[in-house]
Amino acid sequence: MTALDDEVRVIDAGRPPARFARGWHCLGLADAFKDGRPHEIEAFGTRLVVFQGRDDGALHVLNAYCPHMGGNLAQGTVKGDAVACPFHDWRWAGDGRCAGVPYARRVPPRARTRAWTALERNRQLFVWNDPEGNPPPPGVTIPELPGIHGPGAAEWSDWTWKTLRVEGSHCREIVDNVVDMAHFYYVHYAFPEYFKNVFDGHVATQYMESSPRGDMELGTLSAGRLRSDASYHGPSYMIDHLHSDVGGGLEMEIVLINCHYPIDENSFLLQYGAIVKRLPGMTDEQAADAARLTAEGATVGFEQDVEIWRNKTRIDNPLLTEEDGPVYQLRRWYEQFYVDAADVKDEMTRRFEFEVDTRRANEAWHAEVAENLARRAAGPAEAS
Ligand code: FES
Ligand SMILES: [Fe+2]
């Protein structure tokens, strides 16, 4: 034995970044904030307040803590187009300006709190986070989903929307899923038969075709074959176009949103929602049911991931095989959101394509599943 043989791979757990990603972050379904009350959001290491102006109807996002003496505006009330602090009733307009102090002769001249750039799209609400304080560059936006607005909208169901708070993990864990072909078999109980990644600019895509394992019940999403084109638009908002084989030669078209925002350096709020396109003859109710079932399938999948994250370590130097996909390249792509805009390097944004050769993996997995099924058929006496 040489000294080299003794060398073991030492995990470098690194440290989560000290800042939060630059980009659009989805806060949830817009309608959820339109009940006339202020809402508190725990995000970016602080608290935000979301409220709808009574007169202008627009959704506004401000720092939750009142610059007067620190009251929490989310505990206040909406008065006109402003949110009123519960502590001394200072009024804060959607643009961050103090709109009035009812008991004072005059408002301090520079009374202003932080207003976050907000965007309503796909019936969801987004805020722009940039540690450098710049507005979103042109072209960096959330794409509109065809059919959600305008013509064709009636063909789609309503959103089923869900949230899951993940403690003790940086949100990089969920982004790693973009390239992680093998975990779809082990964690989500599917055969990933085709698997390809394309990274380009601020978009990272995963193309996958999969079919469920026959030996496991808690597979995700689909009982049949599934085609998934899933893209992160920026650091945290993924649109997943799914085509699901529902039998009888029918394919269901689903849009699944998978998004998150950081609560702090080591926890995040995962949100996901589904809509489905009505199949011929489907009623509103059936379409809504299909969306609900899809979202429930996604719940199973995310809970499977969360269970792994809760027990794993952060790792900055994963030890990889060819079948593991371009983990390092994905992380270079992800890094662009954590450095100053001036420090974004070509290697983070340049177009990159990689198709994982899944043949060897699927051969091994099919053999394993066949073995599991044979053992099960042989009965409990044979089970080891
Ligand atoms: S702390 Fe908000 S009004 Fe005083
Ligand atoms: Fe996963």
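Predicted model only: the values in this text are computed from it and were never measured. Read the numbers this way: they start at 1 and go in the same order the structure lists the ligands and their atoms. One is the number of the first residue; the rest follow in order along the sequence.
The Fe ion (ligand 2) sits nearest to atom NE2 when only the N, O or S atoms of His188 are considered.
At least one test fails for Arg22 against the ring of Tyr338: distance under 6.0 Å to the centre or angle within 45° of the axis.
At a cut-off of 2.8 Å, His88 is counted among the residues with an N, O or S atom near atom 4 (Fe) of ligand 1. Here His68 reaches atom 4 (Fe) of ligand 1: one of its N/O/S atoms is less than 2.8 Å from the metal. Taking 2.8 Å as the threshold, Asp305 counts as a candidate ligand of the Fe ion (ligand 2), since one of its N, O or S atoms lies below it. Here Gln304 does not reach the Fe ion (ligand 2): none of its N/O/S atoms is less than 2.8 Å from the metal.
The aromatic rings of Phe352 and Phe354 lie parallel to each other, with less than 30° between the two planes, well short of the 60° mark.
Applying side chain to side chain donor-acceptor pair (under 3.5 Å) to Tyr237 and the options Gln271, Gln124, His25, His260 leaves one that passes, Gln124. In summary, of the residues considered (Trp128, Phe126, Tyr261, Phe44), a ring-ring contact (aromatic ring centres under 6.0 Å, His included) with Trp116 occurs for Phe44 alone.
If you number the atoms of ligand 1 from 1 as listed, the ones under 4.0 Å from a heavy atom of Cys85 come out as 1 (S), 2 (Fe), 3 (S). For ligand 1, the atoms closer than 4.0 angstrom to any heavy atom of Trp90 are 3 (S). Those atoms of ligand 1 that come under 4.0 Å of a heavy atom in Gly70, given as number and element, are 1 (S). Near Gly71, with a cut-off below 4.0 Å to any heavy atom, the atoms of ligand 1 are 1 (S).
Counting only heavy atoms from C-beta outward, the side chains of Met208 and Tyr194 never approach each other to under 4.5 Å.
Atoms NE2 of His183 and OD1 of Asn177, as seen from the Fe ion (ligand 2), are separated by an angle of 100°, to the nearest 10°.
Here the side chain of Trp24 pairs a donor or acceptor atom with the backbone of Val140 at under 3.5 angstrom.
Atom CZ of Arg360 is surrounded by 12 or fewer heavy atoms from other residues, nucleotides or ligands within 6.0 Å.
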